[in-house]
There are 2 protein chains.
Amino acid sequence: MRLNQATDYAMRSVLYLSGLPYGQVVEAKLISEEERVPMRFLLKILRQLTQAGIVQSYRGINGGYSLARPPSEITMLDVVEAIEGPIAVNRCLHSPDECNKFFSAHCPVHQALYELQQGMKEHLSRYNFQMLKERVK
Amino acid sequence: MRLNQATDYAMRSVLYLSGLPYGQVVEAKLISEEERVPMRFLLKILRQLTQAGIVQSYRGINGGYSLARPPSEITMLDVVEAIEGPIAVNRCLHSPDECNKFFSAHCPVHQALYELQQGMKEHLSRYNFQMLKERVK
DNA sequence: CATAAACTATACTATATTAGTAAACATTAA
DNA sequence: TTAATGTTTACTAATATAGTATAGTTTATG
């Protein structure tokens with residue numbers, strides 16, 4: 001029941017970009033050093049964030065990354081799903097045909113887990129990076 | 001961000017036991033067949049539930065398992081934690097010394113994840129197996 | 001128009017976790 | 001005493017995690 005390390009790095013990277021003047025481009029190396037994320041791994045993560053439309057990348061010399069939209073329009077859920085794909089608390093909620101008991105909708109355990117999952121998604125989507133950035137002491 | 005398969009099996013096994021007259025003992029083989037859980041794997045899971053004080057085991061011929069307390073006193077959180085250990089949404093929340101950025105309490109990302117974690121625990125502890133059993137159609 | 005500083009793409013790898021299985025043992029009712 | 005039950009420990013195949021490596025592409029600038 002854990003978010004993976006890449007997601008942690010991704011959120012901290014987006015938070016870092018959120019703290020810069022909007023639109024400012026910084027190279028991956030700087031994020032890597034500031035946030036202590038292994039460089040190669042970070043590049044992979046930034047590519048996922050780029051493909052998800054959360055950050056914008058610039059190639060070539062003086063290239064780097066910036067946010068693709070204002071921090072207030074990027075939620076924690078956006079970042080989690082960019083890295084891990086859709087949240088699925090349990091196998092049966094992800095692909096009900098794999099449920100080896102009864103169809104998820106009829107199983108009270110799976111019903112309850114579905115409600116948990118919805119609650120988690122709602123919770124994560126309530127936090128945007130404008131809010132988080134204002135929380136930095 | 002998924003519960004593992006053993007936890008799914010565990011919850012369904014506890015739900016199954018909750019549907020029986022309180023205190024009734026059934027052998028693992030029956031649970032295995034009814035809930036379609038591989039027998040050997042189920043035995044391992046039942047042992048964890050036994051150690052957590054959720055079910056009671058009886059050895060020898062005519063042995064088996066029953067609930068150790070009424071369904072109303074067993075929550076989904078109890079079962080999840082019996083199988084997976086304490087819920088930790090992220091590495092830094094589990095062991096803050098492993099946090100490679102700043103101490104969790106000072107990082108707004110980790111703060112937000114901590115709130116998510118608390119919300120999840122609260123959510124899971126609101127469901128007990130009396131409730132779930134009454135939801136079975 | 002060459003070069004070096006950036007990002008991109010694909011493939012590889014060591015380790016840990018997941019989801020079981022196997023073999024030998026302990027308990028207990030009949 | 002035996003057979004049906006749970007217990008213990010060890011093993012294993014497959015997958016996921018957390019990266020690393022190698023080769024390539026883009027682009028500002030001198």
Side-chain angles (χ1 to χ4, degrees), chain A residues 1-13 17 24-33 35-52 54-66 68 80 83-85 88-92 94-95 98-100, chain B residues 1-13 17 24-33 35-52 54-66 68 80 83-85 88-92 94-95 98-100:
Chain A
M1 206 53 168
R2 259 184 228 194
L3 294 167
N4 61 35
Q5 195 54 34
T7 301
D8 185 85
Y9 291 154
M11 289 192 287
R12 283 164 34 204
S13 299
L17 291 173
Q24 177 161 344
V25 176
V26 295
E27 64 273 41
K29 188 157 177 289
L30 185 58
I31 304 176
S32 164
E33 287 166 358
E35 294 294 329
R36 297 178 208 176
V37 180
M39 177 64 175
R40 292 300 198 166
F41 196 31
L42 176 63
L43 286 170
K44 200 151 89 175
I45 291 165
L46 286 168
R47 217 168 325 124
Q48 290 180 275
L49 293 172
T50 302
Q51 280 160 9
I54 293 170
V55 311
Q56 169 84 44
S57 75
Y58 301 88
R59 305 182 66 172
I61 206 166
N62 297 332
Y65 301 88
S66 71
V80 169
I83 306 298
E84 306 198 355
V89 159
N90 146 311
R91 189 149 92 175
C92 300
H94 178 253
S95 39
E98 274 181 37
C99 184
N100 62 350
Chain B
M1 204 54 170
R2 260 185 226 190
L3 295 168
N4 62 34
Q5 194 54 35
T7 301
D8 185 86
Y9 291 154
M11 288 192 288
R12 283 164 34 205
S13 299
L17 291 173
Q24 177 161 342
V25 176
V26 295
E27 65 272 44
K29 189 157 176 291
L30 185 57
I31 303 176
S32 164
E33 287 166 358
E35 295 293 329
R36 297 179 208 174
V37 181
M39 177 63 175
R40 293 297 198 163
F41 195 32
L42 176 62
L43 287 169
K44 200 151 90 175
I45 291 165
L46 286 168
R47 216 166 327 121
Q48 290 180 275
L49 293 172
T50 302
Q51 279 161 10
I54 293 170
V55 311
Q56 170 83 42
S57 75
Y58 301 88
R59 304 180 66 171
I61 206 165
N62 297 333
Y65 300 88
S66 70
V80 169
I83 306 297
E84 306 198 356
V89 159
N90 147 310
R91 190 149 91 174
C92 301
H94 179 252
S95 40
E98 274 182 37
C99 184
N100 63 349

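Chain letters run A, B, ... following the sequence lines, proteins first, then strands; residues in each count from 1. Heavy atoms only: backbone and side chains are in, while hydrogens, waters and symmetry mates are out.
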Counting Watson-Crick and G-U wobble pairs whose two distances are both under 3.5 Å, find the runs of 3 or more in a row that involve DNA chain C.
C:1-30 with D:1-30
What's the verdict on side chain to side chain contact (heavy atoms under 4.5 Å, CB included) for R40(A) and K44(A), showing C-alpha distance, side-chain angles and the deciding distance?
CA-CA 7 Å; R40(A) 292 300 198 166; K44(A) 200 151 89 175; over 6 Å; no
Working to the nearest 0.5 Å, report the span between [atom1] of [X] and [atom2] of [Y].
| X | Y | atom1 | atom2 | answer |
| --- | --- | --- | --- | --- |
| I54(A) | Y65(A) | CD1 | OH | 14.0 Å |
| T7(A) | Q5(A) | OG1 | CD | 9.0 Å |
| E35(B) | L30(B) | CD | CG | 9.5 Å |
| L46(B) | E27(B) | CG | CD | 11.5 Å |
| L42(A) | K29(A) | CG | NZ | 12.5 Å |

Measure from [atom1] on [X] to [atom2] on [N] and round the result to the nearest Å.
| X | N | atom1 | atom2 | value |
| --- | --- | --- | --- | --- |
| L42(A) | dC7(C) | CG | P | 9 Å |
| D8(A) | dT17(D) | CG | P | 14 Å |
| Q48(A) | dG19(D) | CD | P | 14 Å |
| L46(A) | dG19(D) | CG | P | 14 Å |
| Q56(B) | dG6(D) | CD | P | 13 Å |
| E27(A) | dA4(C) | CD | P | 18 Å |
| L49(A) | dT8(C) | CG | C1' | 15 Å |
| L43(A) | dA23(D) | CG | P | 17 Å |

Using modelled atom types only, decide if a donor and an acceptor are shared between the side chain of [X] and the backbone of [Y] within a distance under 3.5 Å.
| X | Y | result |
| --- | --- | --- |
| E84(A) | N4(A) | yes |
| S13(B) | Y9(B) | yes |
| S32(B) | V37(B) | yes |

Looking across every strand, which nucleic acid part, if any, lies under 4.0 Å from G60(B) by heavy atom: base, sugar-phosphate, or nothing?
base
Are any of [X]'s side-chain N or O atoms less than 4.0 Å away from OP1 or OP2 of [N]?
| X | N | value |
| --- | --- | --- |
| N62(A) | dT29(D) | yes |
| T50(A) | dC7(C) | no |
| Y65(A) | dT8(C) | yes |

Summarise how protein sits on nucleotides 14-22 of chain C as a single string, 5' to 3': B when a protein heavy atom is under 4.0 Å from the base, S for sugar-phosphate-only contact, - for no contact.
-----SBB-
5' precedence on DNA chain C between I61(B) and Y58(A) (nearest-nucleotide basis)
Y58(A)
Nearest to the R59(A) side chain among dA29(C), dT7(D), dT26(D), which nucleotide is it?
dT26(D)
